[in-house]
Amino acid sequence: MTTAHITFDKTGDKIAGRVRNMRSSAVRDLFSAAVSDDVISLSGGMPDVSLLPASAIRKATKAAFDDQRTVALQYGATNGRVDTRQVFCDLMRDIGVRCNPDNILLTSGAQQALDLIAKTFIDPGDIILAEGPTYLGALQAFSAYQPDIRCIPFDEEGMRMDLLEEELKRIGKDNPRLKFCYTIPNFQNPGGVTMSSERRKRLLELAKEYNFMVIEDDPYGRLRYEGGHMIPLKALDDDVIYLGTISKVFAPGLRIGWIAAPRSVLARINLVKQGTDLCGSSFDQVVAEHYFTDTPWQKTLQKFVTTYGERRDAMLEALEEYFPPEATWTHPEGGFFVWVTLPPYVDTGAMLPEALDAGVTYVPGDSFFPDGKTGKNSMRINFSYETPENITEAIRRLAKVIEGRLELYRIFIEAGVIEAPTLTDGSKSLKKSSAQDVDSETQEAPAASPSTTDTSSSPAEAKKGE
């Protein structure tokens, strides 16, 4: 006979207040849910590492062990190996950013970089600006330090500068509580949109005028499938704090990211990092050095771009074919994600169990807002990992689940129980962007408000009225 053993948490009253309010990552939770072979995952933002050539990985790893094992297996400097930092300086020069190794600090992935920045700069109650929706990993990293995160809606050209300026006027110039604006200007996660050149320049102007830092997170910048290269914010202003990673162009398992910033900033972050992990993995750094200097990694990058571009096309075509007319979505020029918006009365979090039963996963939209409530009628879907055939099938399954939800609401609308949402352009796909147009004669563009900017009717507001 077996007996149940119940364990009680005796530390509950000892937990720090900043931890009590932390939310688990929806993506991490979905990884454990989507273990069945019958489930097609559109939730994670994983690169397809099967595309990496085994010979290149073997060569880089063998060189790290055979030629430099006494270094690769030893402790290293807190800010990382100087040779590795030089490699990343070379990579950044390719995209228009000039720096030297003294301006680089290596981290355990860009996620650690976010945490180090938060730990270095955020006090409880400080104001942080970000796109809304924004990367949920950044929300996790920042929220631990209890800031006031204010989301600024975006449209097909990225963060709305008019709404950002309205929010800044409310905050006031030289407000010591305003610390930084966090942005993913290239193929934003989760929106997929790219910030235009004009808005990049305007953001930097506002940063000077209102005295806040700009954090530029650029994990997807090299993964462009259409259009031309966009100059990074860091190339336009050396004060920008730039976050890079090898996770999307090489191997996320190596956990290598970096911060490019002025030396004075890195000195503070380096001090904080000493208390976090002393140093990163020297072995991983040496492997990365050899991969980016001794192997034809550019050919592999082009393979990534070609493959992911085909998968993006498959997703957009499937959305056009299967999704209902009430749905709208973004059209990313690169990156990993499409942002889908459904009518306001649809709760994608409540719908997720049905989707799992149908054999498909996604990330509900409220995961990408600090209040955990805004964006309930939206979802992020990923196209980088699954094959075009699986993507098409997943969208077909998901469309069937959505149709089941909408059918009931259509009955209520016809009966006059609830009001029908206004479709602005009648099209399924939101042009190239992405964002739902707002008729400036009948509806005013919403102002950004602390933590709970309402973008429930669309992932962004339109350029009209800007």
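The first residue of the sequence shown is numbered 1, and numbering continues consecutively from there. The figures that follow rest on heavy atoms only: side chains count, while hydrogens, waters and symmetry mates do not.
With rounding to the nearest 0.5 Å, the separation of CD1 in Ile259 from CD1 in Ile215 is 8.5 Å. Distance NZ/Lys234 to CG/Asp238: 4.0 Å, rounded to 0.5 Å. Here the OG1 atom belonging to Thr84 is positioned 6.5 Å from the CD1 atom belonging to Ile256, to the nearest 0.5 angstrom. To the nearest 0.5 Å, the span separating CG on Leu233 from CE on Met195 amounts to 6.0 Å. With rounding to the nearest 0.5 angstrom, the OG atom of Ser55 is 13.5 Å from the NZ atom of Lys62. Here the straight-line distance linking atom CD of Gln274 with atom OG1 of Thr78 works out to 4.5 Å at 0.5 Å rounding.
The shortest side-chain heavy-atom distance between Pro185 and Asp218 does not fall under the 4.5 Å cut-off. In this structure the side chain of Arg312 reaches within 4.5 angstrom of the side chain of His331, judged on heavy atoms. Between Ile117 and Leu243, the closest side-chain pair of non-hydrogen atoms falls below 4.5 Å. Side-chain contact between Ile171 and Leu129 is present, with at least one heavy-atom pair separated by less than 4.5 Å. Side-chain contact check for Lys169 versus Glu165: some heavy-atom pair is nearer than 4.5 Å. Looking at Ile127 and Pro147, their side chains never come closer than 4.5 Å, going by heavy atoms from C-beta outward. At least one side-chain heavy atom of Phe323 sits less than 4.5 Å from a side-chain heavy atom of Val340. The shortest distance between side-chain heavy atoms of Asp123 and Lys179 falls below 4.5 Å.
Listed for the Arg81 side chain is no donor-acceptor partner under 3.5 Å among the backbone atoms of Asp83. Distance alone, capped at 3.5 Å, places no donor-acceptor pair between the Arg98 side chain and the Arg93 backbone. Between the side chain of Ser143 and the backbone N or O of Leu139 there is at least one donor-acceptor pair closer than 3.5 Å. Of the possible donor and acceptor atoms, one in the side chain of Thr194 sits under 3.5 Å from a partner among the backbone N and O of Phe187. The main-chain N or O of Pro133 is found under 3.5 Å from a side-chain atom of Gln188 such that the two form a donor-acceptor pair. Proximity of a side-chain donor or acceptor of Glu131 to a complementary backbone N or O of Ile184 within less than 3.5 Å is detected. At distances below 3.5 Å, at least one donor-acceptor pair connects side-chain atoms of Tyr362 with backbone N or O atoms of Thr348. With Lys173 contributing its side chain and Asn211 its backbone, the two residues share no donor-acceptor pair below 3.5 Å. Side chain of Arg311 to backbone of Tyr385: a donor-acceptor contact under 3.5 angstrom is found. Side-chain atoms of Thr107 come within 3.5 Å of backbone N or O of Gly109 as a donor-acceptor pair.
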Requested in this report: May I have the step-by-step check of side-chain hydrogen bond (donor to acceptor under 3.5 Å, both in side chains) for Tyr182 and Asp217, ending in yes or no?
Outcome: CA-CA 7 Å; Tyr182 169 75; Asp217 197 355; 2.6 Å; yes
Report task. Could you give me the CA-CA distance, side-chain angles and deciding distance for Tyr242 and Asn103, then say whether side-chain hydrogen bond (donor to acceptor under 3.5 Å, both in side chains) is met? Result -> CA-CA 10 Å; Tyr242 177 96; Asn103 299 119; over 6 Å; no
Requested in this report: Evaluate the ring pair (Phe, Tyr, Trp, His ring centres under 6.0 Å) criterion for residues Tyr220 and Phe336: first the C-alpha distance (whole Å), next the side-chain angles of each, then the deciding distance (0.1 Å), finally the verdict.
Outcome: CA-CA 8 Å; Tyr220 312 103; Phe336 280 7; 5.4 Å; yes
Report task. Could you give me the CA-CA distance, side-chain angles and deciding distance for Ile40 and Arg397, then say whether side chain to side chain contact (heavy atoms under 4.5 Å, CB included) is met? Result -> CA-CA 10 Å; Ile40 303 173; Arg397 295 178 185 180; 3.9 Å; yes
Report task. For side-chain hydrogen bond (donor to acceptor under 3.5 Å, both in side chains), just list the numbers for Gln86 and Asp90, CA-CA rounded to whole Å, side-chain angles, deciding distance to a tenth of an Å, and then say yes or no. Result -> CA-CA 6 Å; Gln86 181 60 59; Asp90 296 340; 3.1 Å; yes
Report task. Decide side chain to side chain contact (heavy atoms under 4.5 Å, CB included) for Gln146 and Ile122; before the verdict, give the C-alpha distance in whole Å, the side-chain angles of both, and the deciding distance to 0.1 Å. Result -> CA-CA 8 Å; Gln146 301 172 297; Ile122 297 176; over 6 Å; no
Requested in this report: Could you give me the CA-CA distance, side-chain angles and deciding distance for Leu106 and Asn79, then say whether side chain to side chain contact (heavy atoms under 4.5 Å, CB included) is met?
Outcome: CA-CA 5 Å; Leu106 302 186; Asn79 62 344; over 6 Å; no
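Arg58 pairs by the salt bridge (charged side-chain N to carboxylate O under 4.0 Å, His left out) definition with nothing, not counting sequence neighbours. By the ring pair (Phe, Tyr, Trp, His ring centres under 6.0 Å) test, Tyr291 is found to be paired with Phe250, residues two or more places apart in sequence or in another chain being considered. With sequence neighbours excluded, no residue forms a side-chain hydrogen bond (donor to acceptor under 3.5 Å, both in side chains) with Ser197. With sequence neighbours left out, Phe304 forms a ring pair (Phe, Tyr, Trp, His ring centres under 6.0 Å) with Tyr308. Applying the salt bridge (charged side-chain N to carboxylate O under 4.0 Å, His left out) rule to Lys299 yields no partners; only residues at least two apart in sequence or on another chain are considered. By the ring pair (Phe, Tyr, Trp, His ring centres under 6.0 Å) test, Phe180 is found to be paired with Phe142, residues two or more places apart in sequence or in another chain being considered.
Both cation-pi conditions hold for Arg69 and Phe65: the charged atom is under 6.0 angstrom from the six-membered ring centre and inside a 45 degree cone around its axis. Both tests pass for Arg380 against the ring of Phe337: distance under 6.0 Å to the centre and angle within 45° of the axis.
The shortest non-hydrogen separation linking Gly158 to Arg199 is O-NH1, 2.9 Å. Contact detail for Met379 and Leu398: the closest heavy-atom pair is SD-CD2, 3.7 Å. Of all the heavy atoms in Leu168 and Tyr210, the pair that sits closest is O-CE2, 3.4 Å. Pairing each heavy atom of Phe368 with each of Leu136, the nearest pair is CE2-CD2, 3.4 Å. Contact between Ser43 and Val363 at its shortest, heavy atoms only, is O-CG2, 3.5 Å. Nearest heavy atoms, Val71 versus Ser282: O-CB, 3.6 Å.
Salt bridge status for Asp239 with Lys208: present, with a side-chain N to carboxylate O gap under 4.0 Å. Ion pairing between a basic and an acidic side chain is recognised when a charged N comes within 4.0 Å of a carboxylate O; Lys373 and Asp371 show no such pairing. A salt bridge links Asp366 with Lys376; the closest basic N to acidic carboxylate O contact falls under 4.0 Å. Between Arg202 and Glu205 there is a salt bridge, since a side-chain N of the basic residue sits under 4.0 Å from a carboxylate O of the acidic one.
For His290 and Gln68, the side-chain atoms include at least one donor-acceptor pair closer than 3.5 Å. At a cut-off of 3.5 Å, with distance as the only test, a side-chain donor of Gln112 or Asp277 sits close to an acceptor on the other residue.
No more than 12 heavy-atom neighbours from other residues, nucleotides or ligands sit within 6.0 angstrom of NZ on Lys201.
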